[in-house]
Amino acid sequence: MNNQKQQKPTLTGQRFKTRKRDEKERFDPSQFQESIVQGLNQTGTDLEAVAKFLDASGAKLDYRRYAETLFDILVAGGMLGKHLSMYCLFTASEDLETMQAYAQVFNKLIRRYKYLEKGFEEEIKKLLLFLKGFTESERNKLAMLTGILLANGNISASILSSLFNENLVKEGVSAAFAVKLFKSWINEKDINSVAASLRKVGMDNRLMELFPANKRSCEHFSKYFTDAGLKELSDFARNQQSIGARKELQKELQEQMSRGETLKDIIAYVREEMKKTSISEQTMIGIVWTSVMSTVEWNKKEELVTEQAIKHLKQYSPLLKAFTSQGLSELTLLLKIQEYCYDNIHFMKAFQKIVVLLYKADVLSEEVILKWYMEAHMAKGKSVFLEQMKKFVEWLKNAEEDLSQRETHSGTL
């Protein structure tokens with residue numbers, strides 16, 4: 001028996017050189033860049049061919065290691081290297097259709113190589129920080145592409161934080177870039193989609209930061225974007241600022257109640273805020289109701305919470321009365337009570353008692369209660385609350401009829 005170890009066959013010179021070259025392409029950034037640039041220059045302007053080339057190259061080149069280099073080439077042609085691609089985003093035509101086609105290239109690439117998603121987002125964030133180094137045309141193309149990618153969900157709206165860079169903001173680069181970006185985003189989707197994406201990452205209240213501190217006002221923002229043809233974005237920002245002001249007002253109200261300030265002082269403060277912010281009485285009664293109900297740690301037991309609520313609301317009924325001078329405000333309050341009792345399950349049985357209390361305190365009128373019962377109630381807990389109110393509504397109707405009869409009788413005397 002031959003005990004000698006069997007030797008592995010050695011690679012031929014040609015096969016060895018080929019393997020070394022392949023390894024160099026995989027692990028040498030300059031070789032990686034050269035391979036990508038050469039391939040792109042061979043595909044020409046055919047973006048379908050570009051997408052196919054990138055798909056195939058991912059099998060033999062290390063996209064995971066050189067994601068940043070890959071995206072630098074695709075966007076800017078490989079700015080830092082000596083092998084510049086003739087075909088990249090920055091050399092493309094500056095129009096929406098071309099940018100949509102480029103967005104598809106990135107979309108296909110990231111769908112095929114899912115691990116590139118995070119690297120791509122980081123690359124966009126980095127490019128936004130260096131906007132001053134690009135020409136106006138290059139910035140416009142990048143803005144349009146970014147808007148389309150945001151609309152398609154390829155990147156998160158959190159990348160917009162790069163635009164709040166002090167130098168970009170100061171020189172007006174951020175605001176100008178945002179105009180192009182939001183136009184292409186809204187063109188792909190709509191303002192509701194934009195709003196949802198911004199809220200998801202907490203960017204909905206930060207758009208004012210696109211301007212320097214001395215221009216960070218709702219009026220300046222509104223004029224700038226309305227003049228640029230983005231009125232829907234102006235309206236959205238105005239609405240967000242209004243929501244922010246309401247939240248601050250509600251917070252202050254709750255603090256005043258917690259400190260035990262007099263109802264007279266609280267009413268005076270709220271009236272002053274209504275004048276300053278042009279908040280309607282209908283909006284204000286909703287804020288007041290939420291503030292009143294947020295100052296208490298409610299009992300979780302259904303049988304105890306009703307008693308607790310009645311005691312609390314009796315104390316604050318003058319505050320509620322002060323901001324229900326109109327029928328529409330009364331109805332707004334009644335709908336808020338319905339919503340609150342439905343959303344807080346242990347309040348379900350307290351609804352009727354709360355309404356009766358506020359009727360006796362002259363906060364809710366019989367006309368508004370009857371209107372709510374007959375037609376103006378919302379769907380939330382409808383059957384439960386209408387059943388609770390049935391006897392009281394019948395009593396109101398009978399009282400109304402008796403009054404009508406008495407008035408008719410006295411008129412004939």
Side-chain angles (χ1 to χ4, degrees), residues 68 71-72 75-76 79 89-90 99 103 117-189 191-245 247-248:
E68 188 177 341
F71 293 127
D72 271 343
V75 173
M79 292 164 64
L89 179 78
F90 282 177
M99 294 305 105
E117 201 168 44
K118 192 170 186 295
F120 183 49
E121 198 163 288
E122 288 303 312
E123 176 69 8
I124 296 291
K125 279 172 86 169
K126 184 195 79 176
L127 287 169
L128 297 192
L129 285 172
F130 292 104
L131 288 178
K132 279 169 67 180
F134 307 144
T135 66
E136 187 182 349
S137 177
E138 287 168 349
R139 287 200 291 264
N140 289 344
K141 290 171 204 173
L142 183 58
M144 286 190 275
L145 176 77
T146 305
I148 296 162
L149 294 169
L150 283 162
N152 295 337
N154 296 123
I155 53 176
S156 159
S158 61
I159 58 104
L160 296 176
S161 61
S162 291
L163 292 179
F164 303 144
N165 175 277
E166 192 180 344
N167 291 325
L168 297 177
V169 169
K170 193 177 173 183
E171 296 192 24
V173 174
S174 296
F177 187 88
V179 167
K180 291 282 183 185
L181 182 151
F182 281 111
K183 274 188 176 177
S184 68
W185 191 349
I186 292 168
N187 181 68
E188 290 291 305
K189 295 281 185 177
I191 191 62
N192 295 326
S193 170
V194 172
S197 297
L198 292 173
R199 284 193 192 103
K200 191 176 178 184
V201 295
M203 286 282 167
D204 50 326
N205 291 315
R206 296 192 63 191
L207 294 182
M208 296 288 169
E209 293 175 48
L210 291 166
F211 298 100
N214 64 336
K215 292 181 178 177
R216 213 167 281 172
S217 70
C218 200
E219 289 68 31
H220 180 78
F221 186 99
S222 183
K223 184 172 183 348
Y224 185 91
F225 283 98
T226 301
D227 290 351
L230 281 165
K231 187 179 183 300
E232 55 266 73
L233 189 69
S234 301
D235 292 343
F236 168 72
R238 191 177 287 279
N239 187 47
Q240 287 305 113
Q241 194 182 49
S242 175
I243 290 168
K247 283 180 180 172
E248 284 301 311

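Numbers for residues simply follow the sequence, beginning at 1.
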* May I ask you to decide whether E123 forms a salt bridge with K126, counting only side-chain N to carboxylate O separations under 4.0 Å? => yes
* Asked: Going through the distances and angles, do F177 and L142 end up as a side-chain contact (heavy atoms from CB on, under 4.5 Å)?
  -> CA-CA 9 Å; F177 187 88; L142 183 58; 4.2 Å; yes
* What do you reckon, are the aromatic ring centroids of F134 and F130 less than 6.0 Å apart? -> no
* **Heavy-atom side-chain contact between L128 and L168 under 4.5 Å** => no
* **Nearest heavy-atom neighbours spanning A176 and Y224** => N-OH, 3.4 Å
* To do: Take S161 and M203 through the side-chain contact (heavy atoms from CB on, under 4.5 Å) test and state the conclusion after the steps.
  => CA-CA 8 Å; S161 61; M203 286 282 167; 3.6 Å; yes
* Is there side-chain contact between L149 and F120, with heavy atoms separated by less than 4.5 Å? -> yes
* **Minimum side-chain heavy-atom gap V169-E209 below 4.5 Å** => no
* Calculate, to the nearest 0.5 Å, the distance between atoms CG and CZ belonging to L89 and F71 respectively. => 13.0 Å
* Side-chain contact, heavy-atom cut-off 4.5 Å: Q240 with R199? -> yes
* Contacts of K215 that satisfy salt bridge (charged side-chain N to carboxylate O under 4.0 Å, His left out) - sequence neighbours left out -> none
* Evaluation steps, side-chain contact (heavy atoms from CB on, under 4.5 Å), between N239 and D235 -> CA-CA 6 Å; N239 187 47; D235 292 343; over 6 Å; no
* To do: Taking all heavy atoms of S234 and all of S222, pick out the closest pair and write down the distance.
  => OG-O, 3.1 Å
* Asked: Counting only N and O atoms by type, is there a donor-acceptor contact under 3.5 Å from the side chain of N165 to the main-chain atoms of N167?
  -> yes
* To do: Apply side-chain contact (heavy atoms from CB on, under 4.5 Å) to the pair L198 and F236, showing each step before the final yes or no.
  => CA-CA 11 Å; L198 292 173; F236 168 72; 3.8 Å; yes
* Asked: Taking the side chain as C-beta and beyond, is there a heavy-atom pair between E138 and L131 under 4.5 Å?
  -> no
* Are side-chain heavy atoms of S158 and E121 found at a separation under 4.5 Å? -> yes
Using residues 181-188 as the side-chain source, report each donor-acceptor pair under 3.5 Å to any protein atom, sequence neighbours left out, with the distance given to one decimal.
| unit_1 | atom_1 | unit_2 | atom_2 | d |
| --- | --- | --- | --- | --- |
| K183 | NZ | A228 | O | 2.7 |
| S184 | OG | M144 | O | 3.0 |
| S184 | OG | L181 | O | 3.0 |
| E188 | OE2 | Q100 | NE2 | 2.5 |

* To do: Report yes or no: does S174 contribute a side-chain atom to a donor-acceptor pair with the main-chain N or O of L163 at less than 3.5 Å?
  => yes
* Asked: When rounded to the nearest 0.5 angstrom, what distance separates OG in S197 from CD1 in I155?
  -> 10.5 Å
* To do: Nearest 0.5 Å please: distance from the CZ atom of R139 over to the NZ atom of K180.
  => 12.0 Å
